[in-house]
Amino acid sequence: MTKEVRVRFAPSPTGALHIGGLRTALYNYLFARKMGGKFLLRIEDTDQTRFVPGAEEYIQEALAWMGISPDESPWKPGEVGPYRQSERKVSYMSYALDLVEKGHAYYAFDSSEELEAMRERLTAARVVQPQYNSITRTQMKNSLTLSPEEVKERLASGDPYVIRAKLPLKEEVRFQDLIRDWVLVHSSTLDDKVLMKSDGMPTYHLANIVDDHLMGITHVIRGEEWLPSAPLHVLLYRFFGWEETMPQFAHLPLLLKPDGNGKLSKRDGDKLGFPVFPLNWIDPFTGEKSSGFRETGYLPDALLNFLAFLGWNPGDEREIFSLEELVEAFSIERIGKSGTKFDIAKAKWFNEHYLRSKTQEDLIAYLQQDALAAGTTLSQEKAGAIVSLLRDRVTLPGDFWKDSQFLHQAPSDFDSEVAAKKWNTDAVTLLQAYAGALESGVATPFDGTAAKALLESSAEASGIKLGKVMQAVRLAVTGLGAGPDLMEVFAILGPQEVAKRIRFALDTLATVD
RNA sequence: GGUCCGUUCGUCUAGGGGUUAGGACGUAUCCCUUUCACGGAUAAAACACGGGUUCGAUUCCCGUACGGACUACCA
């Protein structure tokens with residue numbers, strides 16, 4: 001009987017949840033579901049200076065939108081709460097003190113100026129890694145160098161201090177990462193990380209280990225940026241005597257910029273023309289706006305499918321997966337090792353796929369909504385006709401409205417390139433004849449077939465080859481050189497409107513040579 | 001700079017000591033279509049480099065190059 005799998009997603013509420021964080025959450029969720037375990041959300045808000053109002057709500061909403069809601073969270077507490085580190089504050093100090101007692105941590109009283117001076121001194125002495133470590137700590141102000149009396153006095157008098165981990169000088173630290181296999185580092189390259197800050201809050205390293213232990217976390221699935229500090233975490237488990245229940249680590253490959261340099265960052269999104277956040281976000285301090293996948297028109301299913309394949313694959317050639325199917329197929333072993341560039345073209349393809357699998361009613365609703373927002377209303381039949389016309393050509397829901405503009409208002413100008421190439425006397429002759437026929441009302445009822453039949457007979461009567469002038473006809477009525485089936489467009493517009501537009505085109509374009 | 005991690009078509013990737021190195025996105029061409037798109041078909045396109053080990057290496061080992069992460073009283 002093995003222990004129930006418990007994993008956690010542990011974001012900091014310092015702004016909008018990044019798309020990479022969302023993928024981390026997704027993988028955690030998939031693994032938990034696959035293993036029949038639990039997926040927890042823990043808010044890591046130990047840095048009070050970076051707290052951003054609204055960020056926590058954003059995380060909650062983004063996860064809900066994606067359908068990967070946690071089993072336990074600040075809003076749905078389980079038995080190991082609280083789920084916000086700021087609310088767990090009281091317990092961290094006692095754990096830090098426990099480490100001090102065991103000789104694995106110590107008090108340090110150095111001011112930031114003194115730390116800075118130390119680094120400068122070491123840099124000047126050309127020490128490769130100027131850091132607070134097993135060697136340099138002997139020259140600093142801490143409970144290892146100061147007399148017990150002075151330490152006691154400083155603590156009693158309220159001198160600001162931090163608690164640092166006391167790392168062994170010479171020791172090999174190794175652990176087996178689920179994705180990278182054995183990772184080995186020497187403790188001599190590690191520094192004495194601060195565990196408790198002078199404001200009484202723990203750092204990530206301490207809080208993380210204590211909470212993962214207390215919350216019964218069995219697998220830590222997180223971004224590769226944590227790999228360098230994983231040895232410290234392993235050491236902390238050892239110091240606490242929790243080695244037996246230490247979670248297994250899985251460090252995920254990073255999401256990289258599409259152009260290949262560096263990890264995808266918050267600033268990239270709007271610069272590159274696509275979102276890097278799940279939802280729209282306005283920074284409460286700077287007012288800076290960032291666009292989200294949701295508001296841009298990406299469907300949660302599409303984003304989910306896309307994100308899942310950024311660093312993972314099922315091992316066969318299937319590509320389209322629902323959340324349930326992902327759960328079924330997921331395994332940590334099939335996560336890749338190397339960084340993954342973010343290619344929005346593939347995301348678009350997924351979105352097209354999921355958009356086309358929507359019902360006609362859903363798509364009509366998208367169009368109606370945009371029309372309404374633009375101050376127009378569309379009849380159900382017209383909206384339905386437009387959706388049928390465009391459904392195989394859209395990428396985003398907003399395209400139904402955007403790409404049907406020529407149906408909502410007559411063109412005021414015409415694609416000049418097409419006009420220059422296609423607007424000839426044959427076209428003018430035919431259009432005059434066609435407009436006349438439409439105005440006479442011969443074609444009723446006016447559907448696509450009737451519109452086409454009438455156009456064909458007009459062409460025949462004028463002795464003109466239809467194929468040669470079709471683009472000019474399209475140009476006259478839509479102003480554009482390309483678009484959906486023209487006869488269906490005519491049907492939607494109705495004979496009077498088509499005739500009116502042709503007359504306008506004839507007037508406007510006739511003067512052009 | 002140091003430590004750690006990585007490297008298969010442009011991109012996401014499959015594969016793995018002997019393969020015509022497979023798929024998808026994107027691109028191109030053709031078919032369909034009175035345009036464009038959809039759909040169908042086809043094509044171009046990759047094992048970073050150098051040494052080992054081996055009968056044989058893209059696959060294993062080492063080095064180099066390149067890329068990345070980390071290097072805070074941030075997470």
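Protein chains get the first letters and strands the later ones, always in sequence-line order, with residue 1 at the start of each.
- Note on Asp399(A): nothing from the nucleic acid sits closer than 4.0 angstrom, heavy atoms only.
- Using a 3.5 Å distance cut-off with no hydrogens or angles, the side chains of Asn351(A) and Thr395(A) do not pair a donor with an acceptor.
- With a cut-off of 3.5 Å on both pairing distances, U58(B) has no Watson-Crick or G-U wobble partner at all.
- Under the Watson-Crick or G-U wobble criterion, with both distances below 3.5 Å, U20(B) is left unpaired in every strand shown.
- Comparing U35(B), U34(B), U3(B) by their closest approach to the side chain of Thr189(A) singles out U3(B).
- Comparing Leu466(A) and Arg119(A) along RNA chain B, the residue whose closest nucleotide (by nearest heavy atom) sits nearer the 5' end is Leu466(A).
- Following rounding to the nearest Å, Glu113(A) (CD) and A72(B) (C1') show an atom-to-atom distance of 15 Å.
- The separation between Arg50(A) atom CZ and C73(B) atom C1' is 13 Å, rounded to whole Å.
- Note on Thr46(A): only backbone sugar-phosphate atoms sit closer than 4.0 angstrom, heavy atoms only; bases stay farther off.
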All N/O donor-acceptor pairs, side-chain side in residues 171-178 of chain A, below 3.5 Å, sequence neighbours left out:
{"residue": "Glu171(A)", "atom": "OE2", "partner": "Arg238(A)", "partner atom": "NH1", "Å": "2.4"}
{"residue": "Glu172(A)", "atom": "OE1", "partner": "Arg174(A)", "partner atom": "NH2", "Å": "3.4"}
{"residue": "Gln176(A)", "atom": "NE2", "partner": "Asp181(A)", "partner atom": "OD1", "Å": "2.9"}
{"residue": "Asp177(A)", "atom": "OD1", "partner": "Ile179(A)", "partner atom": "N", "Å": "2.7"}
{"residue": "Asp177(A)", "atom": "OD1", "partner": "Arg180(A)", "partner atom": "N", "Å": "2.9"}
{"residue": "Asp177(A)", "atom": "OD1", "partner": "His251(A)", "partner atom": "N", "Å": "3.4"}
{"residue": "Asp177(A)", "atom": "OD2", "partner": "His251(A)", "partner atom": "N", "Å": "3.2"}
{"residue": "Asp177(A)", "atom": "OD2", "partner": "His251(A)", "partner atom": "ND1", "Å": "2.6"}

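- Nucleotide G1(B): paired with U71(B) (Watson-Crick or G-U wobble, both distances less than 3.5 Å).
- Atom CZ of Phe274(A) and atom P of G26(B) are 16 Å apart (whole Å).
- Within the cation-pi definition used here (under 6.0 Å to the ring centroid, within 45° of the axis), Arg42(A) does not qualify as a partner of Phe9(A).
- Here G26(B) presents its P atom at 13 Å from NE2 of His353(A), a figure rounded to the nearest Å.
- Smallest separation of non-hydrogen atoms from Met196(A) and Ala96(A): CG-CB, 3.4 Å.
- Here the side chain of Gln129(A) is nearest to one of G1(B), A75(B), U34(B), namely G1(B).
- Minimum atom distance to the side chain of Val194(A) is reached by C73(B), of the listed C38(B), C73(B), C74(B).
- Summarising the geometry, the separation between CG on Leu232(A) and P on U71(B) is reported as 12 Å, rounded to the nearest angstrom.
- For the pair Lys197(A) and A75(B), the criterion of a side-chain N or O lying under 4.0 Å from OP1 or OP2 is met.
- Between Asp415(A) atom CG and U35(B) atom C1' the separation is 12 Å, expressed in whole Å.
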With B for base contact, S for sugar-phosphate-only contact and - for none (protein heavy atoms under 4.0 Å), nucleotides 4-13 of chain B reads SSSS---SSS
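- Arg391(A) comes within contact range of no nucleotide atom at all, as no heavy-atom separation falls under 4.0 Å.
- Counting to the nearest Å, the P atom of C38(B) and the CG atom of Asp485(A) are 16 Å from each other.
- In this entry U42(B) has A28(B) as its Watson-Crick or G-U wobble partner, both defining distances falling under 3.5 Å.
- For the pair Tyr204(A) and Leu254(A), nearest-nucleotide mapping onto RNA chain B gives the more 5' position to Leu254(A).
- Side-chain proximity of Thr203(A) to the nucleotides U34(B), U35(B), C74(B) is greatest for C74(B).
- Side-chain contact check for Asn142(A) and Tyr132(A): at least one donor-acceptor pair (N or O, by modelled atom type) lies under 3.5 Å.
- Shown here for Leu264(A) and Pro258(A), the closest heavy-atom pair between the two residues is CD1-CD, 4.2 Å.
- Between C25(B), G23(B), C73(B), one nucleotide has an atom nearer to the side chain of Glu317(A) than all others, and that is G23(B).
- Summarising the geometry of Pro411(A) relative to Ala476(A), their closest heavy-atom pair is CG-O, 4.2 Å, with the distance given to 0.1 Å.
- Base engagement by Glu456(A) is indicated by at least one non-hydrogen atom pair under 4.0 Å involving a base atom.
- Thr136(A) and Asn133(A) are linked by a side-chain donor-acceptor pair at a separation below 3.5 angstrom, with hydrogens and angles left out of the test.
- As a whole-Å value, the separation of Glu225(A) CD from A72(B) P is 16 Å.
- Looking only at atom types and distance, the side chain of Asp192(A) has a donor-acceptor partner in the side chain of Tyr106(A) under 3.5 Å away.
- Shown here, U7(B) forms a base pair with A65(B); the pair counts as Watson-Crick or G-U wobble because both key distances fall under 3.5 Å.
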